[in-house]
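Single-structure report; data block below.
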Amino acid sequence: MKVIVSKDHQGHTGAKEMRYDQMIPMSESPDRVDIILGALNESGFFDLQKPVVFGLDEVLRIHDPDFVKFLKDCYTLWERQFGPNGFATAYTFGMRGMDQKPNSSVHSMLSCYTFDVCVPFVDGTLKAINSSKDVALTGAKLIIGGERSIFSLCRPPGHHASKDLAGGYCYLNNAAIVAQYYRDQGIGKVAILDIDYHHGNGSQNIFYERADVLFTSLHCRPEDEYPFLLGYQNETGLGAGENFNFNFPMPLGTTYTVWEQALVCAIKKIKKYAPEVIVVSLGVDTFIDDPVGGFKLLSEDFSDIGKKISQLQRPTHFIMEGGYAKAELGVNVSNVLSGFME
């Protein structure tokens, strides 16, 4: 399995996030990539490739042009007003009735185009965002070219980003961008299997009214966990997308015995749909010791997850999402991929 990775993510660092009553260093940090690469090397994943540089055409197939311009301009505007070396984040968010388009004020843009304080901008953020989508799209290009499986080691992650909103560490929705790319390259049907601890609200929103991309998500139930307002079982799609969206919410404290049953159900849905390509939003924050998780999966469970996904017997594109238990992060990711390759 080829692994696509870039060093251009490294400048996206130095900001902080709010965790309940305190500001702490970002859990989504550059060392996550180094940890994963170290574990992959130990497991025999030696075929590392740099990404091809893509433009914005593929991005604009998913994301609103004004939102993409905001991502490009945000830190420059912030730096112009507040000087270098800080980090930009919103302190208010657009609400119902606040429907004006943002002007040149960076505050109005942050208010309009972000939905939480976990998407800070620093000097290196834009470069990281661009490299992350390049890592994803390069993997898709290789799948189109005949590869049976690819791991795109994306950073920052993407599944919380919707058409015109960033949040939850996510700026561009890498999984959605590659799903659309597959469609544009002639692939008839694509399935997204999101196994991150948190619901992939952005991916769901993007494809909610479409039948050509099936979305399935295993996650902590929205009564208990971020992003709170999406991810219920009764959200099954709208219009043409009815019955092409399947959520499997589970309570805090879920163990693999229960989680595995949800995975089996999701795999059955995907088999019935019969996609030509599967995109896996690979989050390992379901691990028992993850600092932003609440499930109780063990490292050995991730090997079985990989084995079960391989039973779909389709070209499979793994896109890195969450996972923040640094000591076991690399092992957990490696176990999924190794289990899949077995």
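Starting from 1, each residue takes its place in the sequence as its number.
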Verify, without hydrogens or angle tests, whether N332 (side chain) and E328 (backbone) share a donor-acceptor contact under 3.5 angstrom. yes

Donor-acceptor under 3.5 Å (T138 side chain, V135 main chain): no

Test salt bridge (charged side-chain N to carboxylate O under 4.0 Å, His left out) on E58 and K133 and set out the steps. CA-CA 9 Å; E58 293 80 8; K133 58 89 175 165; over 6 Å; no

Determine the sole option in Y113, Y75, W78 for which the ring pair (Phe, Tyr, Trp, His ring centres under 6.0 Å) test with F70 is passed. Y113

Donor-acceptor contact present, side-chain T254 to main-chain M250, <3.5 Å: no

Test item: E276 side-chain N/O and G188 main-chain N/O as donor-acceptor pair under 3.5 Å: yes

Would you call L263 and L193 a side-chain contact if the rule is heavy atoms closer than 4.5 Å? yes

Ring centers of H107, F82 separated by less than 6.0 Å: yes

When you measure from the side chain of S43 to the backbone of A39, do you find a donor-acceptor pair of N or O atoms at a distance under 3.5 Å? yes

Work out which heavy atom in M26 is nearest to a heavy atom in P120; give both atom names and the distance. CE-CD, 3.7 Å

I would like to know whether D224 and R221 meet salt bridge (charged side-chain N to carboxylate O under 4.0 Å, His left out); could you show each step before the answer? CA-CA 6 Å; D224 296 329; R221 63 183 189 175; 2.6 Å; yes

Salt-bridge criterion met for K2 and D47 (N-O under 4.0 Å): yes

Backbone N or O of S162 within a donor-acceptor pair of the N205 side chain at under 3.5 Å? no

Using only heavy-atom distances, determine whether the side chains of E223 and Y232 contain a donor-acceptor pair under 3.5 Å. no

Side chain to side chain, I187 and V190, heavy atoms closer than 4.5 Å: yes

Counting heavy atoms not belonging to K189, are there more than 12 under 6.0 Å from its NZ? yes

So, do F340 and F151 have ring centers that fall under 6.0 Å from each other? no

Chi angles and distances behind the salt bridge (charged side-chain N to carboxylate O under 4.0 Å, His left out) call for E28, R32: CA-CA 7 Å; E28 204 294 286; R32 294 176 65 240; 2.8 Å; yes

Begin with the C-alpha distance, continue with both residues' side-chain angles, and end with the deciding distance and a verdict on side-chain contact (heavy atoms from CB on, under 4.5 Å) for V213 and F244. CA-CA 7 Å; V213 178; F244 293 98; over 6 Å; no

Name the orientation class of the two ring planes belonging to F228 and Y226 (parallel below 30°, tilted from 30 to 60°, perpendicular beyond 60°). perpendicular

Are side-chain heavy atoms of P84 and D123 found at a separation under 4.5 Å? no

Closer than 3.5 angstrom, by distance alone: can the side chain of D64 be matched with the main-chain N or O of K163 as a donor-acceptor pair? no

Does the D134 side chain pair with the main chain of P51, one donor and one acceptor, at a distance under 3.5 Å? no

Taking a hydrophobic cluster as the set of Ile, Leu, Val, Met, Phe, Trp and Tyr residues connected by side-chain heavy atoms closer than 4.5 Å, whether directly or through intermediates, do I319 and I206 fall within one such cluster? yes

Centroid-centroid under 6.0 Å between F295 and Y197 rings: yes

Under the 3.5 angstrom rule, does the side chain of E321 hit a backbone N or O of G158 as a donor-acceptor pair? yes

Do other residues, nucleotides or ligands put more than 12 heavy atoms under 6.0 Å from the CD atom of Q22? yes

Is the closest side-chain heavy-atom distance between F287 and F302 below 4.5 Å? yes

Test side chain to side chain donor-acceptor pair (under 3.5 Å) applied to H198 and D196, step by step: CA-CA 5 Å; H198 305 89; D196 193 275; 3.3 Å; yes

Could you give me the CA-CA distance, side-chain angles and deciding distance for K268 and K271, then say whether side-chain contact (heavy atoms from CB on, under 4.5 Å) is met? CA-CA 5 Å; K268 287 181 179 177; K271 281 184 177 179; 5.7 Å; no

Under 3.5 Å, side chain of T316 to main-chain N/O of R314, donor-acceptor pair present? yes

